[in-house]
Amino acid sequence: MKFRDELRPRGGLVRAREFTMKDAYSFDRDNGGLDRSYDAMLDAYHRIFRRVGLPYHVADSSGEGIGGWDTREFVSVCDTGETSYLHCQACDYHATPEVAVLAKTETREPDDPMQPVEPVETPGQRTIEQVTAFLGVSAERLVKTLIYTADGRVVAALVRGDRELSEDKLKIVLGVKELVMGDRETIERVSGAPVGFAGPVGIKEAEIIADEELRGERNFVTGGNGADLHLRNVNWDRDFEVSRWAQLRSAVPGDPCARCGAPLTGYQGIELAHIFKLGTKYSEPLEAIYLDDAGHRKPIVMGCYGIGTTRTMAAVAEHFRDDAGLLWPVAVAPFEVEVILVNQDDHQQRELAEGIYRDLQTAGLDALLEDRPERPGVKFKDADLIGVPGQVVVGRLAGEGKVEVRRRGGDGETVAAGEAVAAVRRLLEKNVSRRFSPSE
RNA sequence: CGGGGCGUAGCUCAGCUUGGCUAGAGCGCGCGGUUCGGGACCGCGAGGUCGGCAGUUCAAAUCUGCCCGCCCCGACCA
């Protein structure tokens, strides 16, 4: 059980303040051992989700602040999911926008001539939306200057106005452990202006790193490093020096896949599980040490693996339901079979139902007995709503010692009461065998 | 924290724009009867500080102000 003080819980079970999750760590003596543990866990997770029967994908993702590598998420596709993913239909690459690597775009030199830099007054216009509206230019013509503190030094990251910077990519390019947005004080110091007017021209103390996409841009608009000031017709090289070019922007649908160049498409999903390699990031500071064959003290090499149990139930509800209610996959159903006593006042029916209920339990099945004093219709509707996969109906055929065994919502077969347990077993096996391929 | 919406019977909601009938419906609940394998039917009945406080008015569920609670969007985020 886990608790988290979410500012705003949402999406029902997907993001609540209280939830359950399965958490696991592996401890190895070296990276080779870690790789084996990780691969075993990856395989186990595949088997878990195949058994549940949920359609899912495995996507490259980031450590979300924990740090690590070989970070992968198990994702259930779902329009109500809270996370965006990108997919290449040509080569089946899945990744989050922050980490999705893009094929190098052709960077041809822009051929229009450079115009002289022109300062423009932009009183109070700080955001991209405000500046584009004020100057009457599209966001692609703007260049955003984002000030970061990376392991203590200041960096100015440049991306096109209509793009999002990927902190994951920036962190990797810089090779730093800690990357945080510059605070107000830092921004004002290096830009010499209030927050919202930073630009690359004349910026102090900051290394300028630019998204490779900007190579093809000319005469763009940037912050003017002065209060209420922007600059038109800014050009790299002529007006400021780029110390490094790199792919910094988050991917969006339509961008080319790094593996095969085909356009990526986007989808929403629920993050079901997350695995990654931690290495010695925590074992070193915590002094989780072992002695190797030679008697040397070495930090344990760790891996981290989690499954969001509660939100997996949310994904199950999204995928396994019909107009009448839920259809639990057997692997995660709260009960495997429900015995429906149609007329609780009929002694013959009652005895038969209670007998089968006990037999099912004796046989090791999770059984539920519906014997409330309700009308038959109510019981059938509720049984379908709850969605227990197996149903045994004990009703008008009880006098002949017969009952009906069926899958929730499906056609039934009439069997002798003594055959009921075996019939339920067969039925549940069939249900278990329902599988989806990971790429479905 | 910013934006939007909603608080009326146990539940879901109508009524509010344009103030005025005894504040309504469906479901649920109680009693009587019929029915009894896919959320039955008939009859009778109980059930309300209209979220709270204050104001305007001859008169407030309805208009105004403040407060409280819940939901949605955003910011944020192992």
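Per chain, numbering begins at 1; letters A, B, ... match sequence-line order. Note that the coordinates shown come from a computational prediction; the quantities given were computed from them, not determined experimentally.
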Just how far, in rounded Å, is P of B:A78 from NZ of A:Lys277?
22 Å
How about A:Glu164: does its CD atom have over 12 heavy atoms from other parts shown lying under 6.0 Å from it?
no
In Watson-Crick or G-U wobble terms, both distances under 3.5 Å, what is the partner of B:G24?
B:C13
Taking NZ from A:Lys379 and P from B:G37, how many angstroms apart are they, rounded to a whole number?
10 Å
Taking the P atom in each of B:U62 and B:A23, what is the distance between them to the nearest angstrom?
14 Å
Taking a pair to mean Watson-Crick or G-U wobble geometry with both distances below 3.5 Å, B:G30 pairs with B:C44
If only side-chain N and O atoms count, and only distance matters, is there a donor-acceptor pair under 3.5 Å linking A:Thr71 with A:Ser62?
no
Send over the distance from A:Ile307 CD1 to B:A78 C1', rounded to a whole Å.
15 Å
C1' atom, B:G43 versus B:G38: distance in rounded Å?
26 Å
Looking for any heavy atom pair under 4.0 Å, which part of the strands does A:Asp345 touch: base, sugar-phosphate only, or nothing?
nothing
A:Gln125 and A:Asp228: side-chain donor and acceptor closer than 3.5 Å?
no
Between B:G39 and A:Glu374, counting only base atoms on the nucleotide and side-chain atoms on the residue, is there a donor-acceptor pair under 3.5 Å?
no
Nearest to the side chain of A:Asp23, heavy atoms from C-beta on, is which of B:G37, B:A78, B:G38?
B:A78
Quickly work out the A:Leu278 CG to B:A78 C1' distance and round it to whole Å.
11 Å
Would you indicate which nucleotide in B:G39, B:G37, B:G38 comes nearest to any side-chain atom of A:Arg406?
B:G38
Closest to the A:Tyr25 side chain: B:A40, B:A78, B:G38?
B:A78
Does a side-chain heavy-atom distance below 4.5 Å link A:Glu73 with A:Thr96?
yes
Identified ring-ring contact (aromatic ring centres under 6.0 Å, His included) partner of A:Phe74 from the options A:His274, A:His46, A:His94
A:His46
Taken to the nearest whole Å, CD1/A:Ile340 to C1'/B:C36 is 16 Å
B:G37, B:A40, B:G39: which one has an atom nearest the side-chain heavy atoms of A:Arg375?
B:A40
Under 3.5 Å for both donor-acceptor distances, Watson-Crick or wobble: does B:C36 have a partner, and if so which one?
none
What integer number of Å spans the C1' atoms of B:C70 and B:A60?
25 Å
Whichever of A:Lys2 and A:Arg396 has the more 5' nearest nucleotide on RNA chain B, that residue is A:Arg396
Under 3.5 Å for both donor-acceptor distances, Watson-Crick or wobble: does B:C76 have a partner, and if so which one?
none
Given the C1' atoms of B:C68 and B:U49, what is the spacing between them in whole Å?
16 Å
Measuring only the C1' atom in each nucleotide, how far is B:C13 from B:G2? A whole number of Å is fine.
30 Å
In whole Å, I'd like the distance from the CD atom of A:Glu82 to the C1' atom of B:C76.
12 Å
Taking the C1' atom in each of B:G19 and B:C72, what is the distance between them to the nearest angstrom?
31 Å
Any side-chain heavy-atom pair from A:Glu338 and A:Val392 closer than 4.5 angstrom?
no
Roughly how many Å is it from CG in A:Asn343 to P in B:U35, rounded to a whole number?
14 Å
Using atom P in both nucleotides, what's the gap between B:C42 and B:A25 to the nearest angstrom?
16 Å
Distance in angstrom units between A:Asp371 CG and B:C36 P, rounded
22 Å
Does any nucleotide pair with B:C53 by Watson-Crick or G-U wobble geometry, both distances under 3.5 Å, and what is it?
B:G65
Rounding to an integer number of angstrom, what distance separates B:C16 and B:C63 when you compare their P atoms?
10 Å
For the residue pair A:Lys169 and A:Glu98, establish whether any side-chain heavy-atom pair is separated by less than 4.5 Å.
no
Checking only heavy atoms, does the side chain of A:Arg372 share a donor-acceptor pair with the base of B:G39 at less than 3.5 Å?
no
Of the nucleotides B:A78, B:G38, B:G37, which one has an atom closest to the side chain of A:Pro376?
B:G37
